[in-house]
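Worksheet: the structure to be examined is printed underneath.
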Amino acid sequence: MIKGFIFDLDGVITDTAELHYLAWKALANSMDWAFDREINEKLRGVSRMDSINIIKNHNNAEVSQEKLLQLATLKNDIYVESLENITPNDYLPGAKELLTHLKNEGFKVALGSASKNSSIVLNQLEAMSYFDVIGDGNSVSKSKPAPDIFLYGAENLHLKPEECVVYEDAESGVDAAIAGGFYLVGIGPKERVGHAHVRFDSMLEATLFEVKTAFKQLF
Ligand code: BG6
Ligand code: MG
C-alpha cells in the first residue's frame, strides 16, 4: 500500500531550470566557453560538480580540480542570488494543489532533491510545511542515478520503497528511483522520462486522482 510520496524539487515543484541555465551561462561566458540550452538539458537532475564536468568536457577544456571547484562555487553564488526572486507564486501549475491534497489525506511527504539549495527554494516558496522530511544534496554523498537520496527519504519517513511514489522530471532521477524499488511518476516528455511507471506531460495532469487511478491496486 502507498503511504508516502517523495518529490524531486527542480522541475517538479518549481521550475528552477531557467535560473540554473542563466547562472551556468554567465559562468560559461566569463570563461569564453560554449553553453546553450541543449547542454543545459543534460544537467537536469545532475549534481553541481557533475554538471561543471559535463560543461568542461563539452568545451574540451583543461582545468584543475581546484579551479573547477572555484568555478562551481562562482556559478552557485550567481544561482543563489537569483533565488531571491522566487515567490510563493512560483510553484509549477498543479504542484501546490497536489501537496495540499496529500497533506489533507494524511500521506507522508519527503523531498528527494540533488540540490544543496533546496531549503532556500522551499523557504522562498513557503513550502516547508508540506514536507515531513527534507532529503537534498547535503543528505547523501552519492547523487542520482544512485538511489540513495530516495532511500534516505523513505527511511526517514519510516516507509519501505514499495510504500512510496516518487515524482521525477529527470532521466537520472527516474533511473535512481527505479534502482531503489520505488513506484514512479515521470513528469515530462517520453524521450526523457518514458521509463517511469506512469508519465504525465506536466504536474498539472499528475493529480492525486490520476496517480490513484494509475496505481489503483496500491491504494
Ligand atoms: C538538481 C538540478 O535538482 O540539482 C540540477 O536539476 C542541479 O540542475 C542540481 O545541478 C544541484 O543543485 P545545486 O543547487 O546543489 O547546485
Ligand atoms: Mg528535477
Side-chain angles (χ1 to χ4, degrees), residues 5-28 35-58 68-86 90-92 94-95 98 110-125 127 131 134-150 152-153 166-178 182 184-189 192-193 195-196 199-203 206:
F5 285 72
I6 306 178
F7 289 93
D8 174 50
L9 177 65
D10 298 323
V12 170
I13 304 294
T14 186
D15 189 11
T16 40
E18 183 66 16
L19 301 178
H20 278 294
Y21 167 76
L22 292 172
W24 283 126
K25 182 74 184 157
L27 181 86
F35 184 74
D36 56 23
R37 289 182 186 276
E38 206 182 315
I39 314 166
N40 192 55
E41 265 305 300
K42 298 200 175 111
L43 309 183
R44 200 179 272 270
V46 172
S47 74
R48 196 181 308 161
M49 287 315 290
D50 287 348
S51 298
I52 191 143
N53 273 303
I54 291 172
I55 299 168
K56 178 200 78 163
N57 292 340
H58 178 76
L68 265 193
L69 198 61
Q70 246 178 43
L71 293 175
T73 305
L74 193 58
K75 178 268 174 179
N76 192 55
D77 292 344
I78 301 169
Y79 176 65
V80 169
E81 203 179 320
S82 71
L83 294 180
E84 281 171 25
N85 300 321
I86 296 183
D90 290 321
Y91 285 87
L92 277 167
L98 175 60
L111 189 81
S113 167
S115 174
K116 294 187 170 169
N117 296 302
S118 294
S119 295
I120 303 178
V121 175
L122 290 181
N123 277 319
Q124 290 293 115
L125 289 170
F131 294 89
I134 303 293
D136 66 11
N138 305 296
S139 312
V140 295
S141 51
K142 271 202 262 165
S143 49
K144 302 167 186 177
D148 301 34
I149 189 63
F150 296 128
Y152 174 93
V166 168
Y167 272 63
E168 251 299 343
D169 72 309
E171 191 177 350
S172 61
V174 171
D175 293 340
I178 290 176
F182 293 87
L184 191 51
V185 174
I187 304 296
R192 198 170 77 210
V193 293
H195 51 319
R199 187 197 67 81
F200 297 97
D201 287 331
S202 74
M203 285 296 282

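Numbering of ligands and ligand atoms starts at 1, following listing order. Small disclaimer: the values here were computed from a predicted structure and weren't measured.
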Can you tell if the side chain of I6 reaches within under 4.5 Å of the side chain of Y167, non-hydrogen atoms only? no
Would you say W24 and ligand 1 have an N/O pair spaced under 3.5 Å apart? no
Have N76 and N117 got a donor and an acceptor in their side chains that come within less than 3.5 Å? yes
M49 side chain near L69 side chain, heavy-atom distance below 4.5 Å: yes
For the side chain to side chain contact (heavy atoms under 4.5 Å, CB included) test, which of L98, V185, T14 pairs with M203? L98
Quick note on ligand 1: atoms under 4.0 Å from a heavy atom of H20 include exactly 7 (C), 8 (O), 12 (O), 14 (O)
Is any side-chain heavy atom of K144 closer than 4.5 Å to a side-chain heavy atom of E171? no
Considering only protein heavy atoms, which is closest to atom 8 (O) of ligand 1, and at what distance to one decimal place? L43 O, 3.1 Å
K116, portion touching ligand 1 at heavy-atom distance under 4.0 Å: both
Please give the atom name: the N, O or S atom of D8 nearest to the Mg ion (ligand 2). OD2
If you stand at the Mg ion (ligand 2) and look out to O of D10 and OD1 of D169, what angle do those two lines make, to 10°? 90°
Please indicate whether any nitrogen or oxygen in R48 is less than 3.5 Å from any nitrogen or oxygen in ligand 1. yes
What is the closest protein heavy atom to atom 1 (C) of ligand 1, and at what distance does it sit? D10 OD2, 3.3 Å
Does ligand 1 have any atom sitting under 4.0 Å from a heavy atom of L9? no
Quick check on salt bridge (charged side-chain N to carboxylate O under 4.0 Å, His left out): which of D8, D169, D10, D50 does R44 satisfy it with? D169
Is any side-chain heavy atom of I39 less than 4.5 Å from a side-chain heavy atom of D36? yes
Do H20 and L22 touch side chain to side chain, with heavy atoms closer than 4.5 Å? no
How does S51 reach ligand 1, by side chain, by backbone, by both or by neither, if only non-hydrogen atoms under 4.0 Å count? side chain
Which is it for V46 and ligand 1 at heavy atoms under 4.0 Å: side chain, backbone, both or neither? backbone
Hey, is ligand 1 close enough to R44 that some N/O pair sits below 3.5 Å? no
Side-chain heavy-atom pair T16, Y79 within 4.5 angstrom cut-off: yes
Measuring from the heavy atoms of A170, does anything fall under 4.0 Å of ligand 1? no
To which of G112, S115, S172 does the heavy atom nearest atom 14 (O) of ligand 1 belong? S115
